[in-house]
Amino acid sequence: MSTSIMMFRRGAALQDNISGFMTGADVSCPTISSGDTAWMLTATGFVLFMTPGLAFFYGGLVPRKSVLTIMMQCFISIGVISITWAVLGFSLAFGDTWGGSGFIGNPGSYPLFVGLNMCDAWPGTRIPSLLFAGYQMMFAVIAPALITGAFADRVLFTPYLIFIVLWVILVYCPFAHWIWNPKGFLAVWGVIDFAGGIVVHISAGFAALASIFVVGPRQFLSEWHRELSRVPHNRTFVALGTGMLWMGWFGFNGGSGVSAGSRDTFALVNSTLSASVAMLAWMAVEWHHTGKPQLVGACVGAVGGLATVTPAAGFVLPWAAMLIGLIAAPFCYCCVLARNWLAWDDALDVWGVHGMGGMLGSILVGALADPVVGGVERSGTLFGKQVAACAFTMVYALVVS
């Protein structure tokens with residue numbers, strides 16, 4: 001009889017736990033929101049999905065002989081940088097600021113994610129601290145992968161592995177600490193970057209520019225071979241990669257508010273509107289310039305719109321996101337033309353689309369931010385701070401990379 005009673009009580013307790021889970025109530029973790037957590041788990045998967053999407057996007061743009069190399073460089077970033085982030089990167093970016101300087105985090109804050117768990121909410125959020133670290137890990141993974149498009153065909157695998165580890169430690173983590181850590185010196189000064197216009201796109205774009213200065217231009221047997229290298233070998237891969245990136249950006253921008261609320265809704269909608277306008281605007285500019293619309297151009301335009309709206313997605317209204325996309329397309333297109341004129345061999349225009357697009361969006365948010373969306377109001381002061389922050393981070397990324 002006693003055994004039956006114990007089994008009944010255990011069954012009742014299990015039923016209560018299941019009921020609590022289904023209703024979102026968790027008495028053991030009262031500071032955690034099941035709704036926010038569910039969305040951020042999904043958003044984390046979306047951002048991870050972007051790196052394979054980038055592999056297809058870049059893989060379609062490069063010559064056939066370079067496809068496996070650039071895909072390997074993208075995919076290996078997932079493994080190498082995930083480990084780097086767990087061991088050291090998260091502490092440098094989001095740990096207690098070292099010496100009160102606001103420049104870098106204490107590497108002993110969260111080594112191997114020690115001190116992070118599922119019941120303690122990350123400060124300022126209602127999601128588990130471990131989930132926050134995992135979400136930010138996906139950003140660290142894709143940032144160095146973006147750089148690979150610049151030096152296609154020119155970097156050996158072993159030096160590449162060493163480079164991405166050092167770059168994440170010396171460039172990406174300091175950027176994340178300065179802006180996304182509340183005690184970072186740029187954050188304290190009032191600089192804003194919703195989802196990585198400075199932290200991801202300026203850092204990667206200007207690292208890409210530095211890399212082509214170091215490795216030099218590609219060598220071709222003839223001008224015919226040079227022109228052939230500019231022809232995408234598989235436009236289907238480019239379109240597939242664009243779709244994967246666009247979907248992933250819903251987590252990239254749509255999750256950066258770290259909640260399942262109105263701000264992330266604004267960010268998600270703003271991302272699609274900016275990308276849509278930029279795609280059409282790029283196609284129109286290219287149509288006028290070359291005499292015909294092209295699939296690859298439309299895809300690059302969409303990616304440019306997504307990159308440019310990234311720092312502003314959680315701070316602006318939808319009409320402003322559309323304006324950002326409208327400005328981004330001709331601006332980035334002209335940057336690509338300028339790169340060609342200057343003979344910088346940025347194979348896949350990482351600098352022109354990501355670096356300069358991220359800079360443009362980071363500056364425009366100072367002129368377009370609306371307090372209804374993100375609690376920050378546009379002003380001349382904010383605009384000036386954004387310009388100064390972009391200038392400083394561009395020089396730092398270029399020199400240190």
Side-chain angles (χ1 to χ4, degrees), residues 21 24 26 29 31-56 74-95 110 112-146 168 172-173 175-176 179-181 193-197 199-201 204 241 243-261 263-269 271-272 306-307 310-311 313-314:
F21 173 76
D26 189 343
C29 304
T31 62
I32 301 300
S33 163
S34 60
D36 288 356
T37 300
W39 165 236
M40 292 308 298
L41 286 167
T42 305
T44 301
F46 279 176
V47 182
L48 176 61
F49 192 59
M50 293 177 74
T51 301
L54 185 69
F56 275 102
C74 290
F75 272 93
I76 205 65
S77 178
I78 300 175
V80 172
I81 301 306
S82 293
I83 294 172
T84 304
W85 187 251
V87 172
L88 183 62
F90 183 71
S91 296
L92 294 178
F94 293 96
Y110 306 104
L112 293 173
F113 293 159
V114 171
L116 305 176
N117 57 60
M118 289 302 296
C119 280
D120 292 331
W122 185 255
T125 78
R126 297 185 299 168
I127 68 169
S129 56
L130 183 60
L131 174 56
F132 179 81
Y135 177 68
Q136 291 296 334
M137 180 166 63
M138 301 302 109
F139 282 69
V141 162
I142 196 171
L146 287 171
V168 164
Y172 181 84
C173 289
F175 275 36
I179 298 175
W180 286 344
N181 191 311
D193 180 5
F194 183 68
V199 177
V200 177
H201 295 291
M244 294 171 68
L245 286 168
W246 198 327
M247 179 178 177
W249 237 293
F250 286 168
F252 195 91
N253 289 354
S256 287
V258 200
S259 70
R263 195 178 187 191
D264 275 5
T265 302
F266 271 115
L268 190 151
V269 172
S271 299
T272 288
L306 288 163
T310 288

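Only heavy atoms go into these numbers, but all of them, side chains included; no hydrogens, no water, no symmetry mates.
- The shortest distance between side-chain heavy atoms of Leu146 and His201 falls below 4.5 Å.
- A donor and an acceptor atom, one from each side chain of Thr272 and Trp249, are nowhere located under 3.5 Å apart.
- Of the residues Tyr110, Phe132, Phe113, the one that meets the ring-ring contact (aromatic ring centres under 6.0 Å, His included) test with Phe94 is Phe132.
- With rounding to the nearest 0.5 angstrom, the CZ atom of Phe90 is 9.0 Å from the CG atom of Leu130.
- The side chain to side chain donor-acceptor pair (under 3.5 Å) pairs that include a residue from residues 74-91 number zero, where partners must be two or more places apart or lie in different chains.
- Looking at Ile78 and Leu48, their side chains come closer than 4.5 Å, going by heavy atoms from C-beta outward.
- Summarising the geometry, atom CD1 belonging to Ile81 is positioned 11.0 Å from atom CE belonging to Met137; distances are rounded to the nearest 0.5 Å.
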Self-check item: Trace of the side chain to side chain contact (heavy atoms under 4.5 Å, CB included) decision for Val200 with Phe252
Solution: CA-CA 11 Å; Val200 177; Phe252 195 91; 4.0 Å; yes
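- How far CG of Asn253 is from CZ of Phe266: 14.5 Å, rounded to the nearest 0.5 Å.
- Aromatic rings of Tyr135 and Trp180 (six-membered ring for Trp) have centroids beyond the 6.0 Å cut-off, not under it.
- A donor-acceptor pair is defined here as one N or O able to donate and one able to accept, closer than 3.5 Å; such a pair exists between the side chain of Ser129 and the backbone of Asn117.
- Remark: the backbone N or O of Ala38 is paired with a side-chain donor or acceptor of Thr42 at under 3.5 angstrom.
- The 12-atom threshold is not exceeded at CZ of Arg126, counting heavy atoms of other residues, nucleotides or ligands nearer than 6.0 Å.
- Interatomic distance, CG of Asp120 versus CD1 of Ile127, reported as 12.5 Å (0.5 Å rounding).
- In this structure, Asp193 contributes its side chain and Ile179 its backbone to no donor-acceptor pair below 3.5 Å.
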